[in-house]
Number of protein chains: 2
Amino acid sequence: MDPNCTCEKCELKSLFFQSVSEEELFNVCNNKKENEHKKGDLIIAEGSVIKDFIYLKSGLVKLYKTTRDHEQILKFAGPFDFVSILNIFSHNKHQYSVMALEDSVTCHVDFAEVRNMVLENGVFAHGLLQKMGQVSDSIIQESLQIRRHNLKGRVAIVLLYFANRVYEKDEFELPLSRKEIAEYIGKTTENVIRALSDFRKSNIIKIFGKVIEIIDKERLERLSKFG
Amino acid sequence: MDPNCTCEKCELKSLFFQSVSEEELFNVCNNKKENEHKKGDLIIAEGSVIKDFIYLKSGLVKLYKTTRDHEQILKFAGPFDFVSILNIFSHNKHQYSVMALEDSVTCHVDFAEVRNMVLENGVFAHGLLQKMGQVSDSIIQESLQIRRHNLKGRVAIVLLYFANRVYEKDEFELPLSRKEIAEYIGKTTENVIRALSDFRKSNIIKIFGKVIEIIDKERLERLSKFG
DNA sequence: ATCATGGTATGATATTTATCATAACACTTG
DNA sequence: CAAGTGTTATGATAAATATCATACCATGAT
């Protein structure tokens, strides 16, 4: 093995390359590129041509679409639910932008190579179909969930998402501005701030700037279900 | 060829079986089942086990999810944008229900057979990846589009969808109740009715029960963009 | 240091939408 | 036929949310 090739040790190898032969992996590995992104960097620009199969090795990103007057955030994603797969076989341009919410590392494999692997390796293709189903379903289900809740319920869902799914702690630094929360849940920035203030006044959370501490998780969970 | 096998003539053959060999097609064709559904029939029940790869040959359906107290409609779909693909590789149970909005015919192929074709036929697998990307993207984009409009804008979007995409006529019979429009756009039934009445009073549409005639399409289009 | 800028925060008000009530009508069922 | 049920429709009112205004604070640029 080439000493430059570290894919063997990649935590995500099993995600996409489980079924790939030594020879194929070697090939992918030597032609891949890894990019580092600082918090706030644009990783993928909506409308740009898709050249690579891109996946997230580490970090946290937001997926969003820019419209006339504002942005709509589709999904927050970490390494194990990364998302560029959705468009890659059906569009030649990226339909969404991706921005780093925390320092992130992406891995880029030439798309032609991935397509060849799909054409030649059925197990690999099947794995991609599975992953794609999971990703699209998570976006759709989350969107439906948010849509059936009011302002406070939606904000509660976001806080619990970061506490339970991303940081696995009840005190964490929000990697988002209030505006970005608003862009995700489809409400105004002011009302997101009001909801957070309301939670603070009701002793459900404490707020120190971007740091949130969840004090009464039960109540927050009730809000996320019935609010 | 078996005289019972009419897949050769199926209008949708190219959609899913473009790349499939004579032998494979023959096999699929003889093991397929076709089902007819009357308007209002449940075709797929959310939560039921996925056994078949199901696609729509003709008709019109709604895809929806049942929650605590009401239903949320995800998508209306005809033969060329059918949707059961989304879950089939990633879940063992259907995540959404499908109901016929008009008399419909579905074609059922055993899932194991489809999986085998994915594993053995890269071109077929690639075609499914493309189709799946299109379907998931259409759901996501439509959902975002609706979310950034107000009540009237949303209703206008629905009317134009049926006029332009489904019936290709400016006078058509809505295959939906007002309640179902509400479940799709995420507003109350009363307000959907009010929006329609409002369009009628403004001479944008005429209403004869379920039959809608669009009189001022330009104004409706403006509403669907800026409302 | 000063200035502009963006994020956070709060209040007052306007607008939008939901809820509740009622009624007419069509449709099914006993 | 009558009774019940669901759909369409409209009005009155309540609740949720958006909009506009203002302020404070931190940050980076000049």
Side-chain angles (χ1 to χ4, degrees), chain A residues 38-40 62 67-73 99 101 146-159 173-202 204-213 223 226-227, chain B residues 38-40 62 67-73 99 101 146-159 173-202 204-213 223 226-227:
Chain A
K38 289 270 166 218
K39 178 172 181 155
K62 66 171 177 180
T67 63
R68 204 158 10 107
D69 46 353
H70 68 304
E71 289 176 358
Q72 290 183 290
I73 296 178
M99 183 177 284
L101 294 173
I146 283 183
R147 258 169 69 159
R148 57 177 180 266
H149 288 88
N150 62 18
L151 171 66
K152 285 184 196 173
R154 293 182 190 193
V155 174
I157 287 170
V158 172
L159 294 180
E173 185 178 341
L174 263 182
L176 306 166
S177 66
R178 316 296 196 243
K179 182 157 168 262
E180 286 172 311
I181 297 175
E183 286 166 349
Y184 178 61
I185 67 172
K187 298 281 166 188
T188 56
T189 308
E190 294 96 317
N191 280 328
V192 168
I193 291 170
R194 268 185 260 268
L196 288 171
S197 297
D198 191 285
F199 290 169
R200 177 174 45 73
K201 285 171 196 157
S202 313
I204 298 173
I205 62 171
K206 284 184 184 170
I207 302 178
F208 317 95
K210 287 214 185 296
V211 175
I212 303 288
E213 185 187 345
L223 279 164
F226 307 112
Chain B
K38 289 273 167 216
K39 179 174 179 151
K62 66 172 177 179
T67 62
R68 204 156 12 108
D69 45 354
H70 67 305
E71 288 177 0
Q72 290 182 289
I73 296 178
M99 184 178 282
L101 293 173
I146 283 184
R147 259 170 68 159
R148 58 177 178 265
H149 289 87
N150 63 18
L151 171 67
K152 286 183 194 173
R154 294 182 189 192
V155 174
I157 288 169
V158 172
L159 294 180
E173 186 177 339
L174 263 180
L176 306 166
S177 66
R178 316 296 196 244
K179 182 157 168 259
E180 285 171 312
I181 297 176
E183 287 167 349
Y184 178 60
I185 67 172
K187 298 280 165 189
T188 57
T189 308
E190 293 97 316
N191 280 328
V192 168
I193 292 169
R194 267 185 262 269
L196 288 171
S197 298
D198 191 286
F199 291 169
R200 177 173 47 72
K201 286 171 195 157
S202 313
I204 298 174
I205 62 172
K206 283 185 184 171
I207 302 178
F208 317 95
K210 288 214 186 294
V211 175
I212 302 288
E213 185 188 344
L223 278 164
F226 306 112

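As the structure is a computational prediction, the values presented were derived from the model and not from experiment.
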> D/dT17 C1' sits how many Å from B/Arg147 CZ, rounded?
Replying inline: 15 Å

> Nearest-Å distance, NZ (A/Lys201) to C1' (C/dG11)?
Replying inline: 10 Å

> Across the strands shown, which category fits B/Arg154 at heavy-atom distances under 4.0 angstrom: base, sugar-phosphate, nothing?
Replying inline: nothing

> From the list C/dT17, D/dT17, C/dT8, which nucleotide is the closest neighbour of the side chain of A/Arg178?
Replying inline: C/dT8

> Among C/dA18, C/dA9, D/dT19, which is the nearest nucleotide to the side chain of A/Ser197?
Replying inline: C/dA9

> B/Lys210 near the nucleic acid: base, sugar-phosphate alone, or nothing, with a heavy-atom cut-off under 4.0 Å?
Replying inline: sugar-phosphate

>> The side chain of B/Lys187 is closest to which nucleotide in this list: D/dA9, C/dA9, C/dT17?
In response: C/dT17

>> Closest approach to the side chain of B/Arg194, judged atom by atom: which nucleotide of D/dA9, D/dA18, C/dC20 is it?
In response: C/dC20

> What's the CG-C1' distance between B/Asn150 and D/dT19, to the nearest Å?
Replying inline: 14 Å

> Taking the nucleotide of DNA chain D with the closest heavy atom to each, which residue, A/His149 or B/Lys179, is nearer the 5' end?
Replying inline: B/Lys179

> Is there a side-chain polar atom (N or O) of B/Asn191 under 4.0 Å from OP1 or OP2 of C/dA18?
Replying inline: yes

>> Among A/Asp198, A/Ile157, A/Asn191, which residue satisfies the side-chain contact (heavy atoms from CB on, under 4.5 Å) criterion with A/Lys152?
In response: A/Asp198

> Counting heavy atoms not belonging to B/Lys206, are there more than 12 under 6.0 Å from its NZ?
Replying inline: no

> Among the nucleotides C/dA9, C/dG7, C/dT17, which one has an atom lying closest to any side-chain atom of A/Ile207?
Replying inline: C/dA9

> Hey, mind stepping through B/Lys62 and B/Glu71 against side-chain contact (heavy atoms from CB on, under 4.5 Å) and telling me if it holds?
Replying inline: CA-CA 11 Å; B/Lys62 66 172 177 179; B/Glu71 288 177 0; 3.9 Å; yes

> Within this structure, what is the CD1-to-P distance between B/Ile212 and D/dA9, rounded to whole angstrom?
Replying inline: 8 Å

> So do B/Tyr184 and B/Arg154 actually touch side chain to side chain, heavy atoms under 4.5 Å?
Replying inline: no

> What nucleotide among D/dT19, D/dA9, D/dT17 has an atom nearest to a side-chain atom of A/Glu190?
Replying inline: D/dT19

>> Of the options D/dT17, C/dG7, D/dT8, whose atoms approach the side-chain atoms of A/Ser177 most closely?
In response: C/dG7

> Would B/Leu196 and B/Leu159 count as a side-chain contact (heavy atoms from CB on, under 4.5 Å) if you check the C-alpha gap in whole Å, the side-chain angles of each, and the deciding distance to 0.1 Å?
Replying inline: CA-CA 10 Å; B/Leu196 288 171; B/Leu159 294 180; 4.0 Å; yes

> Rounding to a whole Å, what distance do you find between A/Asp69:CG and D/dT19:C1'?
Replying inline: 14 Å

> Expressed in angstrom and rounded to an integer, what is the separation of A/Phe199 atom CZ from C/dA9 atom C1'?
Replying inline: 16 Å

>> Nearest whole Å is fine: how far is D/dA9 P from B/Arg200 CZ?
In response: 7 Å

>> Between C1' on D/dT19 and CD1 on A/Ile193, what's the gap in Å once rounded to a whole number?
In response: 14 Å

